[in-house]
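Throughout, protein chains are lettered first and strands after them, A, B, ... in sequence-line order, and every chain is numbered starting at 1.
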2 protein chains.
Amino acid sequence: MELRQLRYFLKAKELLNFTEAAHALNISQSTLSQQIKQLEDQIRVPLFNRIGKRISLTEAGTLFAEYALQSVNRADDGLLLLEDLNNLKTGKINIGVTFALRNVLTKTLILFAQQYPKVKVCIVFGTSDELIEKLSAAELDLVLTFKEDSKDTQFRQELLFSSPLTLVAAERTGLASRRSISLEEITRLPLALPATGYSTTRFITEAFKRKGLHPDVSIEINDIPTLLAIVKTGSWHTILTKVSVVDQDLITIPIEGKKMSRSAMAIWLNDAYPKKAMLAFLKLLKAENNL
Amino acid sequence: MELRQLRYFLKAKELLNFTEAAHALNISQSTLSQQIKQLEDQIRVPLFNRIGKRISLTEAGTLFAEYALQSVNRADDGLLLLEDLNNLKTGKINIGVTFALRNVLTKTLILFAQQYPKVKVCIVFGTSDELIEKLSAAELDLVLTFKEDSKDTQFRQELLFSSPLTLVAAERTGLASRRSISLEEITRLPLALPATGYSTTRFITEAFKRKGLHPDVSIEINDIPTLLAIVKTGSWHTILTKVSVVDQDLITIPIEGKKMSRSAMAIWLNDAYPKKAMLAFLKLLKAENNL
DNA sequence: ATCTCAAATCGTTTTTACCGATGATTACGA
DNA sequence: TCGTAATCATCGGTAAAAACGATTTGAGAT
């Protein structure tokens, strides 16, 4: 029993005429006759009464037609679904983002949701490590984070943009006029940093260590908006990439030194068949960042 | 896209291993590989990710599997239904009966309903003409009526039994002791007969006519129980086959003469594939009448 | 580097879907 | 009543497709 035979049967049932049905199916009458017969042989029940040159459905044919139709329909529905999936009229993508890239994400997310309203988007915030872990387990389709050295071939990465590392301070502090600032100067300021485990924090502490400096870190916190609220008090400063901060009450002062900037990356699995929706999101993301 | 391919796909999805799936399906690994690939080509979407020697479902594969499963299941359900139909665990038969054979039917009907409780039985009472008409139109599967000459080859007929034509009278009439009665005598009795169009009435009036007799018919009625109620008053008599009457308050007196009996027949369409349930009913019917 | 396992690929065989022609039966019109 | 057209079944041949076994490829493990 094959879908082909069920389709033949249903058309024959509809027209109650093998010749016409065969024509409608673009096959010869003899083929239809044979296929129907083969189906009947396989299910061991006649589907049609042959009365002379006329045919009519048997009881078995009538009852079986219901099921045949549903079977064919479900298969066709499956194709429609795939069609939709291809046209981004359905589906779901899971995106992981570090807190530092919140602003970058938000813009694109809004755009994407407007453009593909039927596609469900699920956002997961977390540390780079957590996100890469989830990506490996295929729990995420796309991760936005800062570049870290990794020769893991299972990932594909694309650069989104580079953003300088900056000292973040409240506007009313005396630093407002500064064009840049050195790491040494920063060690003399009270700092509140993102929690250990965050890519940027790791990067920064590494930079201090290389210069043998000891920054005055009095607060660690794993939520950027809260961190920024603390900085706004004027009592603390923090270090973040420039794009992480879009707040009129705060100023960002680039840190002096080579390589004092970070590259935002989009990372996804190399091997898995990429979701259309993920690619569409990525495309928007790159367009937003002039790539 | 064929059910075969969907089955292959589902098994591969289940085991996530082509080699094992092929084995479970009793086909070679190469065949499974090719068929899956062919399916993917046809639906234009990969169903599996091939990561090295491992495979995993793509999003499309996951979503499509739902539909594939349902399609396959509906087809299989159809087979189960046909199985049930064959075992008389479902289905419906339409039986036409003349009023005169009500008693014959009832016994078998009860038996049948007990034996095959899942089979729906639909009983239609009517005149022979009506019933044969409906049988021709395939609205009925089986008709129980009295024999009439008809060389129509579209019908198959089987004799159930013969029953003598009898004069039916109330017990307290003076006829109780009579072993038989002639047509001439009957003309002197007030008669209530089944309505014109009934086989027996046609037969009886024909018999009177052949002998040049004029019976005293004062009532015609198309319902046998009502007719019998009228006869019970003692003011009228009627003529029916013996089997039509099973009532202690009534007596039946055979009518003298050759061919003064009627043959109850089961009639069905010759060409149509006979329903299993109909054949089972017929078998019971014949068993009940010692055939 | 080598081995192993699983999937893909290749070339061949077997099966079967399909066709056109033909045959059989029936319905219909002259 | 006798064609004639319509319709389904059947047959033989062909082209397509499914299936196989053997081999290759590639990734992960040793």
Side-chain N or O of Asn17(B) less than 4.0 angstrom from OP1 or OP2 on dA7(C)?
yes
Rounded to the nearest Å, what distance is computed from the CD1 atom of residue Ile27(A) to the P atom of nucleotide dA16(D)?
17 Å
Just by distance, no angles: are the side chains of Ser33(A) and Ser30(A) close enough, under 3.5 Å, to form a donor-acceptor pair?
no
How close or far is atom C1' of dA17(C) from atom CD of Glu2(A), stated in whole angstroms?
12 Å
Please report the distance, rounded to the nearest Å, between CG in Leu39(B) and P in dA17(D).
15 Å
Would you say Lys37(B) places a side-chain N or O within less than 4.0 Å of OP1 or OP2 belonging to dT9(C)?
yes
Just how far, in rounded Å, is P of dA17(C) from CG of Leu6(A)?
13 Å
Could you tell me if Ser162(A) and Ser261(A) have a donor-acceptor pair between their side chains, going purely by distance under 3.5 Å?
no
Answer with base, sugar-phosphate or nothing: what part of the nucleic acid does Tyr8(A) contact at a heavy-atom distance below 4.0 Å?
sugar-phosphate
Of the nucleotides dC18(C), dT10(D), dA7(C), which has the atom closest to the Arg50(B) side chain?
dA7(C)
Check every atom of dA7(C), dT7(D), dA9(D) against the side chain of Thr19(B) and return the nucleotide holding the closest atom.
dA7(C)
Return whichever of Glu20(B) or Arg4(A) has its heavy-atom-nearest nucleotide of DNA chain C closer to the 5' end.
Glu20(B)
Taken to the nearest whole Å, CD/Gln154(B) to P/dA27(C) is 10 Å
Rounded to the nearest Å, what distance is computed from the CZ atom of residue Phe9(A) to the P atom of nucleotide dC8(D)?
15 Å
Please determine if Asp129(B) and Lys134(B) form a salt bridge, counting it only when a charged side-chain N lies under 4.0 Å from a carboxylate O.
no
Between Phe9(A) and Phe48(A), is the ring centroid distance below 6.0 Å?
yes
Whole angstroms only, please: what is the CG-P distance between Asn26(A) and dA17(C)?
18 Å
Just one of Glu2(B), Glu40(B), Arg4(B) clears the side chain to side chain donor-acceptor pair (under 3.5 Å) bar with Gln35(B), so which one?
Arg4(B)
Heavy atoms, side chains only, cut-off 4.5 Å: are Leu142(B) and Leu282(B) in contact?
yes
Any protein N or O atoms within reach of nucleotides 21-30 of chain D? Criterion: under 3.5 Å, listing atom names and distances.
from: dG21(D); atom 1: O6; to: Ser30(B); atom 2: OG; distance (Å): 3.0

Phe18(A) CZ to dT26(C) C1', in whole Å, measures 16 Å
Side-chain donor-acceptor contact under 3.5 Å, Thr98(A) with Ser128(A)
no
